[in-house]
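One structure is given below, encoded as structure tokens.
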Protein chains: 2
Amino acid sequence: MGKKENRRAEVIDLLAVHFLETGLGDTGLRRLAEVAGSSDRMLLYYFDNKDELVAAVLAHIAGGLTAALNELFGTTPKTPDTILKTLWEAAKSEAFKPHLRLWLDLSTHANRGDPLLLAIVRQISEGWIEWMANLLAVPEPEKKAVAALILAAVDGQLVLFPGEIARGDAAIQQLVKLFKNRGK
Amino acid sequence: MGKKENRRAEVIDLLAVHFLETGLGDTGLRRLAEVAGSSDRMLLYYFDNKDELVAAVLAHIAGGLTAALNELFGTTPKTPDTILKTLWEAAKSEAFKPHLRLWLDLSTHANRGDPLLLAIVRQISEGWIEWMANLLAVPEPEKKAVAALILAAVDGQLVLFPGEIARGDAAIQQLVKLFKNRGK
DNA sequence: TTTTTATTGTAGCGATCGCTACAAAGGCAT
DNA sequence: ATGCCTTTGTAGCGATCGCTACAATAAAAA
């Protein structure tokens, strides 16, 4: 009875690690089965098809990331420059870098038209903006715009400096300064 | 003699359009041959292998984009907020959107470890920063950092709002305001 | 025990991938 | 005409893709 569900959850855990390490490019069923210590046949027994498998693993990863970010940021409001600095340090850390890279993968596939990933990405994206907006100590009408700016600035470093995200330090530092000047 | 080279150039032109429209995901030799009005066999006659083909097409696209941007921006220095506004309008236009999307594709593959694309992307990226830095009317030591911030902010919108880049309007507007406050 | 149901292995389908072997066809100079 | 070099078509290799048919086993229910 429950055996199937248990194993399914284990598989999701193992594949989450693999997805974070290698992105969405290496997702052949036989390869994933190897990683999960299973067989392609069994993966299609636990999941209806490959799309459902991918969606489940991504949902699991997104959940973990949300939890980690909540722990990192707490719930008390913060100024844009401190939020940006904290987020940037996280983005450069070994713990979060894989998440960022995977996020870039997802967004790219979504931009290319994959309807499944498009829906997933939009939902996650909106969730992050909302979450950060609630954390920002700025006037209400600007909250979401500032949140989007911060997230985009960090994501953009990954696009601009692939494989060496730390090179974005100077750009982020500029934005921090701009935020500090902001109160006029 | 020259027949091979002529046809090769034609093929590059045709494939550039296709790459811009569909990204790097649809690059089967047989499919590309169809698009170019040729055959897979002939593509491998014009090019040594698929990698060389892709590199040639990408170089062609990059060249065209550089020319277009130079025409759009001219050579007289501009303030960060006007450059950002101009670049953002361009990014949203139908003419440039495909270039942005393709750029995201490239960067994603580079981040995933593809060594060929990593070299290409880093070179192009560095070129853009340099180009924009020379265009920016800001003190020398900050030029490259501001350039990287602007480029990253625009790229980031694509990551954050796949398929509906215009939703980044508010975030870009925030950055424009920050730039305007900048002189203190 | 029998009978059903849940779990897993083996084999393979049809499609696509980059690439190659082989040879036919065309233009060229001699 | 002959031979040569460039250009192109046909066919296919071996690998991988998502997925399925079929059957064997194990566990649970009767």
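Reminder, nothing fancy here: chain letters follow the sequence lines and each chain counts from 1. Computed from a predicted model, the values in this text were never measured in an experiment.
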For [X] and [N], give me the distance from atom [atom1] to atom [atom2], rounded to whole Å.
X     : N      : atom1 : atom2 : value
B/R30 : C/dG18 : CZ    : P     : 7 Å
B/L44 : C/dC17 : CG    : C1'   : 12 Å
B/Y46 : D/dG9  : OH    : P     : 8 Å
A/R7  : D/dA27 : CZ    : P     : 16 Å
B/R41 : D/dT7  : CZ    : C1'   : 9 Å
A/K50 : D/dC19 : NZ    : P     : 8 Å
B/L43 : C/dC19 : CG    : P     : 11 Å
B/R31 : C/dG18 : CZ    : P     : 13 Å

Handout entry: Any N/O donor-acceptor pair, A/N49 side-chain to D/dC19 base, under 3.5 Å
Key = no
Handout entry: Under 4.0 angstrom between A/Y45 side-chain N/O and C/dT8 OP1 or OP2
Key = no
Problem - Spacing of CG belonging to B/L158 relative to CG belonging to B/L104, to within rounding of 0.5 Å - result: 5.0 Å
Handout entry: The single option from B/D40, B/D26, B/T22 passing side-chain hydrogen bond (donor to acceptor under 3.5 Å, both in side chains) against B/R31
Key = B/D26
Practice task
Scan B/S38 against the nucleic acid and name what it touches under 4.0 Å (heavy atoms): base, sugar-phosphate only, or nothing.
Solution key: nothing
Exercise for the section: May I ask you to check if B/K78 and B/F73 form a cation-pi contact, with NZ or CZ under 6.0 angstrom from the six-membered ring centre and within 45° of the axis? Expected result: no
Exercise for the section: May I ask you to test the B/W88-B/V176 pair for a side-chain heavy-atom distance under 4.5 Å? Expected result: no
